[in-house]
Enquirer: 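Submitted below is the structure of interest, expressed as structure tokens.
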Protein chains: 2
Amino acid sequence: MSNVRQIASKAGVSIATVSRSLNNHPNVDPATRQRVFEAAASVGYSKANSLRTGASTVIALAYAGDVVRADYGGFESAMLAGILRGVNERRFDVCVLSLHRDLAPGESYARLLDRKKIAGTILRVFEDSRHVAEQLAGTGLPSVVVADRYAPTSGVNYICCESRIDSRRAVQHLIDLGHRRIALGVHSVRDTDHVDRRNGYEDALRENAIPLDHSLVSEIVASPEGGAGLITRLMSSSEPPTAVYFTDPMATIGALRRCLELGIRVPQDLSIVGFDDSDTRRHTFPSFTAVVQDAEMLGFEAARWLTRRLANPGDGALQTLQVARQTRLEINQTTGRPPKEMCRVLPDGTRVLVSGPQLVPGFVQDQGK
Amino acid sequence: MSNVRQIASKAGVSIATVSRSLNNHPNVDPATRQRVFEAAASVGYSKANSLRTGASTVIALAYAGDVVRADYGGFESAMLAGILRGVNERRFDVCVLSLHRDLAPGESYARLLDRKKIAGTILRVFEDSRHVAEQLAGTGLPSVVVADRYAPTSGVNYICCESRIDSRRAVQHLIDLGHRRIALGVHSVRDTDHVDRRNGYEDALRENAIPLDHSLVSEIVASPEGGAGLITRLMSSSEPPTAVYFTDPMATIGALRRCLELGIRVPQDLSIVGFDDSDTRRHTFPSFTAVVQDAEMLGFEAARWLTRRLANPGDGALQTLQVARQTRLEINQTTGRPPKEMCRVLPDGTRVLVSGPQLVPGFVQDQGK
DNA sequence: CTGATACATTGAAACTGTTCCATCTGTTCC
DNA sequence: GGAACAGATGGAACAGTTTCAATGTATCAG
């Protein structure tokens with residue numbers, strides 16, 4: 001195994017300087033630090049795996065950007081619960097990190113994690129930080145991305161939940177019920193998951209020769225306020241939809257609440273398909289039809305794989321993990337036939353019957369038989 | 001500062017044996033390990049504070065028992081979010097631990113945390129594990145309990161939220177509206193928080209000379225199912241209450257949902273006061289009147305105090321933290337006057353008018369004027 | 001009972017990484 | 001021009017962990 005003395009001789013400095021460089025102490029010449037970094041990389045140095053100082057048994061739940069608040073009904077808290085369960089088998093501990101908070105100038109993510117004696121990482125990446133996973137994949141530090149996916153050749157390990165197919169099925173379910181004006185409320189962050197759901201929505205429309213109406217597609221904040229605001233806006237518009245697909249649980253909760261507030265009956269006046277990461281769909285009234293992914297399971301499997309891999313470095317079967325689970329579509333009480341008579345509902349709750357031309361006749365009544 | 005050599009000479013063993021003992025390696029004679037533990041305690045040894053190996057900058061969120069799942073709408077996830085925000089000032093990291101999982105036979109909690117190089121802990125204790133905080137308080141390891149309280153003389157640091165006064169005010173609010181048959185759905189775990197809320201309920205009844213009716217007090221699981229089940233049971237009983245106070249958010253959510261399901265109008269048929277740790281009360285319909293504590297703030301303040309204390313060991317002002325914040329009572333849309341005519345609502349939703357003798361005449365109609 | 005074997009226990013020594021302290025160097029300020 | 005200072009560095013001391021060999025003890029076949 002490599003050690004600081006090897007790095008020192010390779011970089012032509014003392015071991016004290018190596019230690020200072022690797023730990024980002026002040027008063028090290030940037031050029032020297034750079035040389036040390038390169039030497040450390042060339043000998044494959046890792047503090048976490050160092051034999052004499054005790055192998056680390058801590059894995060990180062690392063956020064490529066800021067730590068995302070483990071929010072109510074949210075993906076993060078369910079996933080963390082799964083991770084905490086998943087590390088028990090091998091008795092690893094979990095440390096929650098924000099990668100950018102402590103990153104020193106010129107330091108790589110792998111070195112930051114090594115400095116913190118992290119043996120492996122479960123990584124959460126976002127639209128603008130996908131590259132972090134690719135950087136980490138090239139290093140000796142085992143890591144796995146949760147809820148995003150990469151090319152098989154990228155070398156990035158991941159476990160995600162494919163939601164495009166069930167998003168298509170969800171919209172198809174609405175179409176089968178007779179809906180034609182189907183709106184989409186999609187999270188404004190364009191990560192893989194939400195792009196999948198948008199694609200699934202578009203797939204279903206295309207397959208049924210329903211033209212995509214851009215006025216029915218809205219990027220919203222994944223929060224109750226986002227969902228509620230979209231309901232208000234859509235239902236007061238001159239030509240409201242008869243169904244909406246929300247791609248995240250919090251927006252769905254807010255939408256259902258606003259419907260109750262405005263007296264919009266679900267599903268009699270408006271059908272709603274939501275998205276669920278855990279059990280949220282069963283806690284609303286009515287229980288909402290949802291594309292469901294199991295965030296707890298994703299966290300559990302990521303943590304179990306990572307800790308098994310760390311415990312058995314030689315096991316070839318554990319070298320890579322590139323898995324896409326499937327979501328499932330659960331039909332509950334918020335989807336039904338479109339209304340016979342279309343109503344606008346103004347923000348104050350007054351209902352305005354939408355007359356002739358704005359309705360799409362044939363469809364609504366015929367398909368709903 | 002003390003080191004393994006001091007311990008070795010004190011215990012009459014080699015430093016290798018000290019190291020093995022402190023790290024719970026197998027093949028150490030239990031009697032020897034015991035001697036080493038005692039010697040380590042007598043010289044006040046701490047690995048996390050050891051100068052030459054670098055002071056640890058990791059604090060633990062330690063659960064005295066199992067890690068509690070950071071659940072939907074729950075206290076844990078909001079608190080964790082606060083902790084993660086609170087450590088940023090001093091750039092500490094957070095490790096989530098279950099104290100009992102890795103505790104070796106004969107090992108103290110302080111030594112376990114030291115073995116994991118934890119500089120300080122934020123502790124979650126429960127009814128049967130309050131003693132863990134007292135054990136830790138006697139050691140050199142800084143710790144703070146969140147959401148429970150101890151005697152000032154115990155030496156245990158804590159930050160909690162006092163909910164008895166606002167629980168009393170919440171029930172008083174119901175009484176002021178004219179309610180007399182007020183039920184209580186309290187979490188079956190008898191931690192300080194829930195005992196407070198139960199006491200507040202009893203305080204209000206006593207002050208208003210309303211006899212405590214044990215059939216109206218139920219210990220339930222703090223879950224939507226618990227809340228829903230209680231609504232079904234209470235409302236189908238021969239003499240239903242006109243108001244219920246639920247002492248946790250998830251039970252409140254479930255109760256509101258069941259009311260919508262059974263056609264129980266809130267607050268026209270039944271008033272509900274709930275409890276909220278974050279923003280849940282605003283995500284239901286109707287928004288529920290609640291005793292509100294800010295779990296995120298508790299986590300934030302605990303983490304900020306702990307990390308400041310670790311960064312400034314000499315600062316006398318940071319030596320102890322024994323703080324009780326106040327909850328607040330937020331009146332929303334689920335509390336109103338009691339109904340003029342009392343109805344039982346059977347589990348299938350049928351309504352049965354409750355006639356004469358079972359009503360408490362004078363009260364319901366007179367007070368509601 | 002005896003000898004062989006296995007295993008638990010232990011200490012000395014080797015080893016890894018961190019920090020203290022002295023030194024050297026270049027810069028700034030009178 | 002020299003004193004004062006700060007940045008950068010290496011040697012040495014140090015803290016803690018693990019390897020390896022030695023020792024003692026239990027077990028078991030004959």
Enquirer: Can a donor-acceptor pair be found between the side chains of B:Asn3 and B:Lys47 at a distance below 3.5 Å?
Expert: no
Enquirer: Expressed in angstrom and rounded to an integer, what is the separation of A:Asn3 atom CG from C:dT16 atom P?
Expert: 4 Å
Enquirer: Over how many whole Å does the gap from A:Ile15 atom CD1 to C:dT19 atom P extend?
Expert: 12 Å
Enquirer: Remember a base hit wins even if backbone is also touched, and classify A:Val18 as base, sugar-phosphate or nothing at under 4.0 Å, heavy atoms.
Expert: nothing
Enquirer: Please give the nucleotide sitting opposite C:dC20 as a Watson-Crick or G-U wobble pair, both distances under 3.5 Å, or none.
Expert: D:dG11
Enquirer: Is there a donor-acceptor pair under 3.5 Å between the side chain of A:Ser129 and the backbone N or O of A:Val125?
Expert: no
Enquirer: Taking only the side-chain heavy atoms of A:Arg5 (C-beta and beyond), determine which of C:dT16, D:dT9, C:dT9 contains the nearest atom.
Expert: C:dT16
Enquirer: Give, for atom CD of B:Gln319 and atom CG of B:Asn312, the distance between the pair rounded to the nearest 0.5 Å.
Expert: 10.5 Å
Enquirer: Let me know the distance between CZ of B:Arg115 and P of D:dG16, rounded to the nearest Å.
Expert: 16 Å
Enquirer: Without hydrogens or angle criteria, can the side chains of A:Ser46 and A:Asp114 be said to hold a donor-acceptor pair below 3.5 Å?
Expert: yes
Enquirer: For A:His25 and C:dT19, is the shortest distance between a side-chain N/O and OP1 or OP2 below 4.0 Å?
Expert: yes
Enquirer: Measure the distance from CZ on B:Arg33 to C1' on C:dT10 and round it to the nearest whole Å.
Expert: 14 Å
Enquirer: Measure CG/A:Asn27 against P/C:dC24 and give the value in whole Å, please.
Expert: 19 Å
Enquirer: Could you check A:Thr53 against A:Arg35 and say which one's nearest nucleotide on DNA chain D is further toward the 5' end?
Expert: A:Arg35
Enquirer: Starting from the 5' end of DNA chain C, give me the residue, A:Asn23 or B:Thr17, whose nearest nucleotide shows up first.
Expert: B:Thr17
Enquirer: Rounded off to whole Å, could you give me the CD-to-C1' distance for the A:Gln6 and C:dG17 pair?
Expert: 14 Å
Enquirer: Of all the nucleotides listed (D:dG10, C:dT18, C:dG11), which has the minimum atom distance to the side chain of A:Lys47?
Expert: C:dT18
Enquirer: For C:dG17, does either OP1 or OP2 sit under 4.0 Å from a side-chain N or O belonging to A:Tyr45?
Expert: yes
Enquirer: Starting at atom CG of B:Asp29, determine the distance to atom C1' of C:dG11, rounded to an integer number of angstrom.
Expert: 15 Å
Enquirer: Once you round it to whole Å, what is the distance between P of D:dA12 and CZ of A:Arg20?
Expert: 15 Å
Enquirer: Here's one to test your reading of the geometry: is the NZ or CZ of A:Arg85 within 45 degrees of the ring axis of A:Phe300 and under 6.0 Å from its centre?
Expert: yes
Enquirer: Between A:Ser19 and C:dT19, is there a contact of a side-chain N or O with OP1 or OP2 at under 4.0 Å?
Expert: no
